[in-house]
Each structure stands twice: as C-alpha cells, then as structure tokens.
Protein chains: 2
Amino acid sequence: MNLPHTEPGPPAEPRRARGRPRKTADERDDGNRRQLLLQTAARLFRQQGFAATSTRDIAAAAGMQPGSPFYHFENKEALLASVMLEGMQRALATQAQALATQPADATPEQRLRRLVQAHFAVLLGPDSDFIPVMLYEWRSLSDTQRGDVIRLRTAYEATWVPVLQALQAAGRLRGDLHLVRLMIFGALNWSAQWYDPQRVAQGGATLDDLTDTAMDLFLQADAAP
Amino acid sequence: MNLPHTEPGPPAEPRRARGRPRKTADERDDGNRRQLLLQTAARLFRQQGFAATSTRDIAAAAGMQPGSPFYHFENKEALLASVMLEGMQRALATQAQALATQPADATPEQRLRRLVQAHFAVLLGPDSDFIPVMLYEWRSLSDTQRGDVIRLRTAYEATWVPVLQALQAAGRLRGDLHLVRLMIFGALNWSAQWYDPQRVAQGGATLDDLTDTAMDLFLQADAAP
DNA sequence: CCTACCGATCGGTAGG
DNA sequence: CCTACCGATCGGTAGG
C-alpha cells in the first residue's frame, strides 16, 4: 500500500563496507523522518485543518525542532501537497488491486461493490488520514500543486465511469450519469465526516455495512427473480 | 427568509421628535452593520476557511476598521457560531415553508422531492454561504457553541425521518435507514464542493436537474405502471 | 465604531 | 537536522 515516493534526496550510492557507517543510518533515517512528517501532518491536518495547524505543531508531534520540517519540505504548502499525492497514490493502488483480484467475468454490480469497498477502505480504514485531507483541504493548495493532484484524482474517478455505464445499460442505475457519479462520490466521501471506526467494537456499522447500504441505495432492485 | 436575530443591543426605546436624531440612524445602522459582518464573514469563511480568514479581512471587506468586528461579536469564534446559527435558522424556515405549501395528501415521494429541493436551495441558491460554512467548519467551533448548532441541526434532520420511513415501507427505498439518511445527506451536501451556479447560464445543471437526479438515484422505480 | 496598541504566534531562514 | 532569529500577521483590548 505504501507506494514508493519520489525522493528529493541523493540517489542511493553503493556503500563501502568501511568508514562512515553513520551515513547509512542517516540515509535510512531521512526516509523515515520524511515519512513520519507526512503521517503526522496528515493526522493533524485532518484533525485541525491545514490553516489551523502550525509547522511547529507537526514538528513537535514528530519529535523534531520547529525548523526541521523545512529540511524535508520546501514550505508548508509543499507538505500539504505531498500528503495529498501520497493519499491519491495509495487510493489508486488500492483501487487497482481491488479490480485486479476480481474474476474477468465479474458483473457490473460486483465491480461496483469492489470499487465502493476500496473507496471506504482508503477513506475510513487504518491509516486513513491522507484522503480526507485531500477532500477537505482542497482550497489551501496553490494552483500549481493542485494540477498534480487533479491528474491522479481524474484517473481515480475515470475508473468508475464504465462500471456505472454498464449498470445504467442494465437498468440498475437511473439518472444523468455525470450527476449520478458526483452524488455517489458525495454519499461515500461524506462518511469521512461522521463515521467512527472506534464504534464498530460497540455494535457500530462496519465498512461492509456501509458498502451494503450504498449498494442498496444506489442500485435498482434486480428485476430477474 | 431573514429570520429576526437576537440582538444584543438596547431595546428600541420610544423616540422623541427632537434631539439626537443621529441616535436613530445609529440604531438602525447597528443592525445593518451586524448583518453586513455576518454576510461578509460567511462569504470569506466559505471561500478561504475559518482559520485562514482574519478578522481584519472581514472588517476590510465590510468597510470597517480592524477592531470593529469585536464591537459586534465577542470574539472570532462567536462570529463563526452566529454565521452557523443564522444558516440553520434559514434552513429550517425554508424547510418548513416547503412542507407547509404542500397539499395534505402529498405522497411520500412528493414530500421527499420538496425536502431535497429546499435543501439544494439553501445550500446552492442565492446568498448560500451560511450552510456550507456550517457543514465544513464544524471542527472550528468550541464545544459550548457547538451544542446550539447541533440542536437546530437535529431538528432539521428529524424532519426527513418519517418521509424516509414511509418511502421504505412503500418499497421505494432500500437499505438501513440510519445509514441511508447519512448517505443521502452526503450526496446532497457534497454538491457544495462542485456545483457552480454560474455555469447554469452556459448549459450547466440547474437545481431542479440536481433534484431530479437525486430522486432517480435514491428511489426504486415505481412498481405500479 | 475608530485609533493605537500589545503580546503571542507563525512561516521561514542563516549558518552550522 | 538543531539553534537562534526575523519580519509579518493575528486576535483582541483600552479608551474614547
């Protein structure tokens, strides 16, 4: 699920067996630190919002000094953009895997179910702060950085189109397809505002419950008995 | 649509015909200024977010000096809470009117259509910055102020329950009703993220188009021919 | 509601 | 990645 991220650091050099063993540890540390900053920023951005989260907050939560985030990221906006790109890369990977592990003769309904499941997993499952940040901190991104995120997001959404078209052709889905797609995404994405994974232990809805409800709500009942 | 708002100012005294005519103008101005601040704050909070909008921004956009908003509102959070309360009061008024102007023998489907129409009107229609702020700046509210907003919001959502129950009883709606309601609200509320009223002039979808699509998407086709 | 102001915090940087 | 720091901005207030 952790896609390799483009690293701005120096390329991995072949390491000599002797001299400066510390350097090796530092190199590995750099990746860890950057990843730690990303996770911490995603969590705080989600909880408090981008503008209300200071780079000092993030540094402290990651156990660093106030200036240290700027060693890994050019500025606060670049950190936000990286969180979003990381989120979209994970979402695309999860989506691709969900479809790849499915039989070739899967029905459109089965394919939709897989897409919905993957969507909820990325949105509400473990380590799921990245996508909510992308969904709800959109306006804090600069125009330049927004373009990169949009490209991945367009690809993610395009996967749904043929599935929805097939369902409509089969009479299982009604309404203007463009608007229908936007409303389906709304129904799914809004769950990030109210769903609490903690409550599953106390009888709350599971992600599969959500998927069942979504399918029931969106799809016309199968006419064939 | 503009519900009377509880005014902290002095009660309207009977005015003498002579002496201090300025006082009268000031009193009327007070209400206007407060309302102007509310509208301006709603617009900027929606465009930039609560944390990214300074009280100076709001004052300047309303043609006031940096300290002036604090004459009308105790602090920045109280201004946000007032925007949300104003939004919810308008939403409740619109909802009540939509149902009141409907024949008593309206079908559950017709009642749902009215609720959806009213919802889109408040969310996307003219002067519609208040509700999006309430939906998307939730976490910026203090616990105390959140309670007041929640009460109005609960009332607004409760209106939908009997309508949805009737539709489910009639076989027009499938799925767990609690989750279904949350997903329907999600599909509707998400439109604040992508719908652009400006584009209607260029062939974009109208609010009625959105309502039609929502009904098509959520409701099972009527079995009776 | 304006003027003038304060303490606190913020993003970011130099220099190591 | 830390230390020490800077200029800018912010929410809020006194006093009229």
Side-chain angles (χ1 to χ4, degrees), chain A residues 7-10 20-41 44-45 48-83 137 140-142 144-145, chain B residues 7-10 20-41 44-45 48-83 137 140-142 144-145:
Chain A
E7 292 290 342
R20 296 243 208 171
R22 277 294 166 92
K23 189 68 183 293
T24 307
D26 280 355
E27 276 167 9
R28 208 168 35 210
D29 233 33
D30 274 5
N32 284 343
R33 292 298 215 170
R34 189 180 193 279
Q35 202 61 31
L36 176 61
L37 277 173
L38 274 181
Q39 280 177 24
T40 307
L44 293 181
F45 286 163
Q48 314 174 353
F50 173 74
T53 303
S54 70
T55 55
R56 282 166 166 81
D57 287 343
I58 298 167
M64 300 179 190
Q65 295 302 315
S68 300
F70 298 99
Y71 172 76
H72 296 279
F73 298 92
E74 195 183 344
N75 50 39
K76 195 186 172 189
E77 269 193 6
L79 178 50
L80 176 63
S82 294
V83 167
E137 295 297 337
S140 301
L141 218 57
S142 72
T144 338
Q145 293 159 328
Chain B
E7 291 291 343
R20 297 244 207 172
R22 278 297 168 89
K23 189 69 184 294
T24 307
D26 280 358
E27 276 168 6
R28 210 168 32 212
D29 234 35
D30 273 7
N32 284 342
R33 293 299 216 170
R34 189 180 193 278
Q35 202 61 30
L36 177 61
L37 277 172
L38 274 181
Q39 281 176 23
T40 307
L44 293 180
F45 286 163
Q48 313 172 356
F50 173 75
T53 302
S54 70
T55 56
R56 282 166 166 80
D57 288 344
I58 298 167
M64 299 180 190
Q65 296 300 317
S68 300
F70 298 100
Y71 171 76
H72 296 278
F73 298 93
E74 195 184 341
N75 52 38
K76 193 186 173 188
E77 268 191 8
L79 178 49
L80 175 63
S82 294
V83 166
E137 295 297 338
S140 301
L141 219 57
S142 72
T144 337
Q145 293 158 327

Please lay out, stage by stage, how B/Leu79 and B/Phe50 fare under the test side-chain contact (heavy atoms from CB on, under 4.5 Å).
CA-CA 10 Å; B/Leu79 178 49; B/Phe50 173 75; over 6 Å; no
Minimum-distance pair of heavy atoms, taken over all atoms of [X] and [Y]:
{"X": "B/Leu37", "Y": "B/Pro69", "value": "CD1-CA, 4.0 Å"}
{"X": "B/Ala62", "Y": "B/Leu36", "value": "O-CD2, 3.6 Å"}
{"X": "A/Ser140", "Y": "A/Glu77", "value": "O-OE2, 3.7 Å"}

Of the nucleotides D/dC10, D/dC1, C/dC10, which has the atom closest to the A/Arg56 side chain?
C/dC10
B/Thr55 has its side chain closest, among D/dG11, C/dC1, C/dG11, to D/dG11
Please state how far atom [atom1] in [X] lies from atom [atom2] in [N], giving the value in whole angstrom units.
{"X": "A/Glu77", "N": "C/dC10", "atom1": "CD", "atom2": "C1'", "result": "15 Å"}
{"X": "B/Phe70", "N": "C/dA4", "atom1": "CZ", "atom2": "C1'", "result": "15 Å"}
{"X": "A/Tyr71", "N": "D/dT3", "atom1": "OH", "atom2": "P", "result": "16 Å"}
{"X": "A/Leu79", "N": "C/dG12", "atom1": "CG", "atom2": "C1'", "result": "14 Å"}
{"X": "A/Leu37", "N": "D/dC1", "atom1": "CG", "atom2": "C1'", "result": "11 Å"}
{"X": "A/Leu36", "N": "D/dC1", "atom1": "CG", "atom2": "C1'", "result": "13 Å"}
{"X": "A/Asn75", "N": "C/dG12", "atom1": "CG", "atom2": "P", "result": "5 Å"}
{"X": "B/Arg33", "N": "C/dC2", "atom1": "CZ", "atom2": "P", "result": "6 Å"}

Rounded distance (nearest 0.5 Å) linking atom CD of A/Gln39 with atom CZ of A/Arg34:
12.0 Å
With a 4.5 Å heavy-atom cut-off, do [X] and [Y] have their side chains touching?
{"X": "B/Leu80", "Y": "B/Phe73", "value": "no"}
{"X": "B/Ser82", "Y": "B/His72", "value": "no"}
{"X": "A/Gln48", "Y": "A/Asp57", "value": "yes"}

Intra- and interstrand pairs of DNA chain D - dot-bracket, Watson-Crick/G-U under 3.5 Å, | marks other strand:
||||||||||||||||
Below the 4.0 Å mark, does C/dT9 have OP1 or OP2 next to a side-chain nitrogen or oxygen of A/Ser54?
no
Tell me which residues in residues 60-68 of chain B lie within less than 4.0 Å of DNA chain D, going by non-hydrogen atoms.
B/Gly67
Would you check if there is a donor-acceptor pair between the side chains of B/Gln145 and B/Ser142 at a distance under 3.5 Å?
yes
